[in-house]
There are 2 protein chains.
Amino acid sequence: MREDTRSRIQEVALELFTEQGYEATSLREIAEELGVTKAAVYYHFKTKDEIVASLAELWAAEMDGLLSWVRSQPKTAPMRRELLLRYAAKLREPRYVGIARFLERNQTALRHHPRIFRMREVLVELVGEMSEPGMSTTTRVSRFMALYTLHAGKWVAGDGPLAEQDLAEASIEVALGLLEP
Amino acid sequence: MREDTRSRIQEVALELFTEQGYEATSLREIAEELGVTKAAVYYHFKTKDEIVASLAELWAAEMDGLLSWVRSQPKTAPMRRELLLRYAAKLREPRYVGIARFLERNQTALRHHPRIFRMREVLVELVGEMSEPGMSTTTRVSRFMALYTLHAGKWVAGDGPLAEQDLAEASIEVALGLLEP
DNA sequence: GTCTATAATCCGATAGAC
DNA sequence: GTCTATCGGATTATAGAC
C-alpha cells in the first residue's frame, strides 16, 4: 500500500526542509530517510531545486487563482473581508498547511528561487489589491498585517498547549479586526 | 582608521548571513570579503557557530533586560503600552536593526543552535508577561501580533518606495491598536 | 595575527550496470 | 527504477611557518 517514490520524496523533503531548513538538508538525508540511495532521488528530480519547485507549484497555482479572482472584484470592504477569509481557508487546507510552513520558514534561503520569490510578490500584490488611492501608511500596514496574521497567528502557541482550531479562529478574528479602520 | 578584524568579521558575517542565509554563507566568502584568509577568521572565532553566538549575544542581553523589567511591573494596560514602545525602540536602535533582521531571517536554520536566543521564544515570553488569567485566545493572538507587527510592519514595502521612518511610525500605530480590546 | 598548505568530510550531480 | 561507484568541487577546521 505504498505510494510512489516521487510522492514520498516530496513528503520527506517537505518535512526536512521545514524542520532543518533547505540548505541544511542534503539529498543524502532525504534518501536515507526513504531507505533509498541519492541516485534514486536524482532519477525522480534532476536537481535539488526541482524538488522545491514541485512543492511550490501547487501553492503558486492557488495564489494565482486567488489573485485573478480579487482582480475581478470591486475594491470594497466586503471584498477585502472575503479575500481574507479565502486566504485563511487556503492556508488551512490539509494539503497546503505543510507547504505554507515550508515557504514561511525558507524565505531567505530561497529568496532567489523564482517560484519562491513569486510567493512574496503575491502577498505584496494582494495587499496592493486591497489598496485605495490616498490610503494612509497606517492603513496599508494594517491591511498587510491582517493577511500576515493568518500566517503568524499560529506561532503564538510556542510549544504550549493552545488548541490549533482555537488559534486558527482567533487569528481570523484578529485579522478581521485589522481590516476595520 | 580601520576597526579591529574581529569586529569587521562580525560586520561582514551579519550582512552575508542576512542576505544569503546562514547555511548558504561560507567562511571563505566572509574571509574574501574582508581580504583575509579563512585561517585568519578561525583565529578570531573557533567555529562558524561562534560567530552567530557573538552576534546574538548583544541582542540576548537586551531582551533579558526587557524581560526582567517587564516582570517587575504590574500587569496593566499602561505597562503593555510601555513594553511595546520599548521593544519598538530597541528594534530601531542602529546597532540592533541588522541583528534583528538577521535573527528574523534565520529562525529555521538556527533553531537547533543552543546558544541562540530565539526571537520567537522571547516574543512568547513577553506575551506571557502581557497575559492575564481568563484572557481569551483572541486577545492573546492580538497581543502577540502587536509585538510581531513591529518586526513585520517593515516588510510591507516590498521593494516599493515607502519611507522607512513613515513605515516605522505606522507599524507602532497599528501595534498600539492591537493592544486595545 | 595572518599566512600557506592540507586534512577530512560532505556536497550535488553523473555514468553505467542490472 | 534503483543500484554501486565516483567525479569535481566545496565545506569546516587544523597544523605549523613567519
Side-chain angles (χ1 to χ4, degrees), chain A residues 1-57 102 105-117, chain B residues 1-57 102 105-106 108-116:
Chain A
M1 201 54 173
R2 59 191 278 284
E3 307 156 60
D4 58 314
T5 303
R6 190 186 151 89
S7 302
R8 289 168 67 223
I9 291 170
Q10 290 177 310
E11 216 171 286
V12 168
L14 180 59
E15 162 145 3
L16 291 179
F17 288 163
T18 305
E19 199 67 21
Q20 310 178 333
Y22 172 73
E23 298 276 1
T25 302
S26 68
L27 292 180
R28 181 188 51 76
E29 283 178 287
I30 295 172
E32 269 177 15
E33 184 81 18
L34 275 156
V36 298
T37 63
K38 274 198 296 178
V41 174
Y42 272 104
Y43 171 80
H44 293 279
F45 296 95
K46 273 199 295 237
T47 65
K48 196 181 173 188
D49 264 16
E50 209 175 81
I51 303 179
V52 170
S54 79
L55 290 173
E57 212 151 283
F102 157 65
R105 293 195 182 179
N106 286 277
Q107 289 281 352
T108 305
L110 298 171
R111 67 196 299 230
H112 296 303
H113 193 293
R115 279 217 173 73
I116 306 296
F117 182 75
Chain B
M1 198 57 173
R2 60 188 279 282
E3 306 156 61
D4 60 311
T5 301
R6 191 186 151 90
S7 301
R8 290 168 67 223
I9 291 171
Q10 289 177 310
E11 218 172 282
V12 168
L14 180 59
E15 161 143 4
L16 292 178
F17 289 163
T18 306
E19 200 67 23
Q20 310 177 333
Y22 172 73
E23 298 277 357
T25 302
S26 67
L27 292 180
R28 181 188 52 76
E29 283 178 287
I30 296 172
E32 269 177 14
E33 185 80 17
L34 275 156
V36 298
T37 63
K38 278 193 296 178
V41 174
Y42 272 105
Y43 171 79
H44 294 281
F45 295 95
K46 273 198 294 234
T47 66
K48 195 181 171 187
D49 268 13
E50 208 175 81
I51 302 179
V52 170
S54 79
L55 289 172
E57 215 150 280
F102 157 66
R105 293 195 182 179
N106 288 276
T108 305
L110 299 171
R111 67 195 303 230
H112 296 303
H113 193 298
R115 292 194 56 199
I116 283 284

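Naming convention: chains lettered A, B, ... in sequence-line order (proteins, then strands); numbering from 1 in each chain. Owing to the predicted nature of the structure, the values given are computational and were not obtained by experimental measurement.
- At distances below 3.5 Å, not a single donor-acceptor pair connects side-chain atoms of Lys38(A) with backbone N or O atoms of Ser26(A).
- Remark: P of dG12(C) and CD of Glu50(A) are 15 Å apart, rounded to the nearest angstrom.
- Between Arg105(B) and Thr18(B), the shortest heavy-atom distance links the atoms NH1-O, 3.2 Å.
- Nearest nucleotide to the side chain of Tyr43(A), out of dG1(D), dT11(D), dA13(C): dG1(D).
- Distance Lys48(B) NZ to dT12(D) P: 5 Å, rounded to the nearest Å.
- Residues from residues 33-41 of chain A with heavy atoms under 4.0 angstrom of DNA chain C, sorted by number: Lys38(A), Ala39(A).
- Using a 4.5 Å heavy-atom threshold, the side chains of Tyr42(A) and Thr37(A) count as separate.
- Regarding Arg8(B), its CZ atom lies at a distance of 13 Å from the C1' atom of dG1(C), rounded to whole Å.
- One can place OH of Tyr42(B) at 17 Å from P of dT4(C), the figure rounded to the nearest angstrom.
- Rounded to whole Å, the distance from CG on Leu27(A) to C1' on dC10(C) is 12 Å.
- Within a 6.0 Å sphere centred on CD of Gln20(A), other residues, nucleotides and ligands contribute more than 12 heavy atoms.
- Where Lys46(A) and Arg28(A) meet DNA chain C, the nucleotide closest to each residue was compared, and Arg28(A) sits on the side nearer the 5' end.
- Here the C1' atom of nucleotide dA13(C) and the CG atom of Asp49(A) are 13 Å apart, to the nearest Å.
- Considering all non-hydrogen atoms of both residues, Tyr22(B) and Lys48(B) come closest at O-NZ, 3.1 Å.
- Nucleotide dT2(D) holds its C1' atom 17 Å from the CZ atom of Arg6(A), rounded to whole Å.
- OP1 or OP2 of dG12(C) has not a single side-chain nitrogen or oxygen of Thr47(A) nearer than 4.0 Å.
- One can place CD of Glu23(B) at 11 Å from P of dG12(C), the figure rounded to the nearest angstrom.
- The side chain of Thr5(A) places no N or O atom within less than 4.0 Å of a non-bridging phosphate oxygen (OP1 or OP2) of dG1(D).
- Pairing each heavy atom of Val36(A) with each of Val41(A), the nearest pair is CG2-CG2, 4.4 Å.
- Listed for the Arg111(B) side chain is a donor-acceptor partner under 3.5 Å among the backbone atoms of Glu19(A).
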